[in-house]
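The shown structure was predicted, so the numbers you read here are calculated from the model rather than taken from an experiment. Below, chain A is the first sequence line, B the second, and so on; all start at residue 1.
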Number of protein chains: 2
Amino acid sequence: MVQKEAKPRGRPRSFDPDEVLDRARAVFWNLGYAATSLDDLAAATGLNRPSLYAAFGDKHALYMAALDRSRREAGAALSAALATEIPLRQILQVIFDRTVDIYRAGEVGQRGCFLIGTAVTQAVDDPAARDLLSRFIAETDAAFTARFQRSAAELAPGITPAVAGPMASATFHTLAVRARTGVGGPELKAIGRGAVALICGPAPHA
Amino acid sequence: MVQKEAKPRGRPRSFDPDEVLDRARAVFWNLGYAATSLDDLAAATGLNRPSLYAAFGDKHALYMAALDRSRREAGAALSAALATEIPLRQILQVIFDRTVDIYRAGEVGQRGCFLIGTAVTQAVDDPAARDLLSRFIAETDAAFTARFQRSAAELAPGITPAVAGPMASATFHTLAVRARTGVGGPELKAIGRGAVALICGPAPHA
DNA sequence: AGGATTCTTTGCGGAATGGTACAAAAAGAG
DNA sequence: CTCTTTTTGTACCATTCCGCAAAGAATCCT
């Protein structure tokens, strides 16, 4: 039911828009929005500016498309991870460990989160980026909080889902920030384990 | 023992470098490094480009000077706040509340933390900014951790200073990120209170 | 007063920026 | 085969960018 076989009329595209968006995002990811030039994007995607322009609009629209892709991907991954019914402590552990691996992926190995790493700077003067970032954070808070409500008994004593939810998001934020400074994976994962200890209480024993 | 009265030889400066740095920082704070032009800085400081250049070096040196000022100011403020001997819970409460006020100060009211809000984007491709940001985070972690060691009994049960320290820093990070999206002060302060609850355990009762 | 020294101002130049016009090219429709 | 439609490549434009050179202005020293 994809029905993308609509037989377009004119000359066919010589590129896959999805892959192009991916490569463009990689550049924004490293440099941020303002420091990325159209020449950078053209070089990274292999196609020239008019093609980029025709496919995505201007530089800002391309950036927003990349941001939104990351928002949707991150949201889907988080929802999937939270949907399991294993103990909450293990869920969080897996989520944070995976997050660290993603934040340290890529050629440079310290890109962190695309949204936190670039849209935060952009947010003050760019309403579109700000709104998307707000939405991302709100969705993350909501996903954690809802899951914590289902397993409220597994939270640390006296901690409510409404308190733990934003602090789980906060763990993403600090990991994203620290990853961008070049901190190593083990050290980041240790911080993730510490966050789990605060949210769920210290590990039973050994 | 300031001895800044060294009677400089030539024409005296028509501006106060400290104030100029402050105004320049305000521009970087809103726009980030890459999106700020020398014209923006000249307009905000009131002096023209060659004077800026002579006083601070190029744009990057000016940015680094602004970053380092924020790092020193934040470090001093944190050390001072942590030096008191009131209950740990209250100390953290005060620190996070004040932090929110600072993050929401300024004309736009949503600038967040200058370092987290702008240097994080810059960090991947700018070693100097990355190192300064690393140092800032390490110092913050260390200050919290050391203070927690002095009052380890006031931490939540089973939580060690080494775990709580980075999570106190993480609270700064999430507040900085959220502030830049325009979240209101009360909501931010509620997150700060939640962080205190996680670090020190839930409040005794009412 | 006159020279030395430092800062300020004006204006410039080379490079890079985001964006676009236009013609050539590649496909389908008739 | 010809016409239409869409994409591609080249070249270009106007603007903005950072940085600097050179001349003028303000102060100190002798």
Please tabulate the protein-to-nucleotide N/O contacts below 3.5 Å involving nucleotides 12-17 of chain C, giving atom names and distances.
residue	atom	partner	partner atom	Å
C:dT17	OP2	A:Asp39	OD2	3.4

With side chains defined as the heavy atoms from C-beta onward, is the minimum distance between A:Arg104 and A:Val183 less than 4.5 Å? no
What's the closest nucleotide to the side chain of A:Tyr53 if the choices are D:dG19, C:dA26, C:dT20? C:dT20
What is the ring orientation for B:Phe172 with B:Phe144, classed by angle as parallel under 30°, tilted 30 to 60°, or perpendicular over 60°? tilted
DNA chain D: B:Pro12 or B:His60, which has the more 5' nearest nucleotide? B:His60
Between C:dT8, D:dT5, D:dT7, which one does the side chain of A:Arg11 approach most closely? D:dT7
Any side-chain N or O of B:Asn48 under 4.0 Å from OP1/OP2 of C:dT9? yes
Can you check whether A:Ser51 has a side-chain N or O nearer than 4.0 Å to OP1 or OP2 of D:dT7? no
Could you check whether the rings of B:Tyr33 and B:Phe28 sit parallel, tilted or perpendicular, using 30° and 60° as the cut-offs? parallel
Measure from CZ on B:Arg13 to P on D:dC28 and round the result to the nearest Å. 16 Å
Less than 3.5 Å apart, which donor and acceptor atoms pair up between the side chains of residues 186-198 of chain B and the rest of the protein, not counting sequence neighbours?
residue	atom	partner	partner atom	Å
B:Lys189	NZ	B:Asp101	OD1	3.1

Under 4.0 Å between a side-chain N/O of A:Ser14 and OP1 or OP2 of D:dT7, yes or no? no
Using atom types as modelled, flag every donor-acceptor pair under 3.5 Å from a side chain in residues 37-47 of chain B to any protein atom, sequence neighbours excluded.
residue	atom	partner	partner atom	Å
B:Ser37	OG	B:Asp39	N	3.4
B:Ser37	OG	B:Asp40	N	3.1
B:Ser37	OG	B:Asp40	OD2	3.2
B:Asp39	OD1	B:Arg49	NH1	2.1
B:Asp40	OD2	B:Ser37	N	3.1
B:Thr45	OG1	B:Leu41	O	2.8
B:Thr45	OG1	B:Ala42	O	3.3

Upstream residue (5' side of DNA chain D) when A:Phe15 and B:Asp58 are each assigned their closest nucleotide: A:Phe15
Integer-rounded Å distance: D:dC20 C1' and B:Leu52 CG: 14 Å
What nucleotide, of D:dC20, C:dT6, D:dT10, holds the atom closest to the side chain of A:Pro50? D:dT10
Would you check, one step at a time, whether the test salt bridge (Lys or Arg N to Asp or Glu O under 4.0 Å) holds for B:Asp126 with B:Arg130? CA-CA 6 Å; B:Asp126 181 339; B:Arg130 172 170 66 242; over 6 Å; no
Check the angle between the aromatic planes of B:Phe114 and B:Tyr63 and answer parallel, tilted or perpendicular using the 30° and 60° thresholds. perpendicular
Rounded to whole Å, CG of A:Leu47 lies from P of D:dT10 at a distance of 13 Å
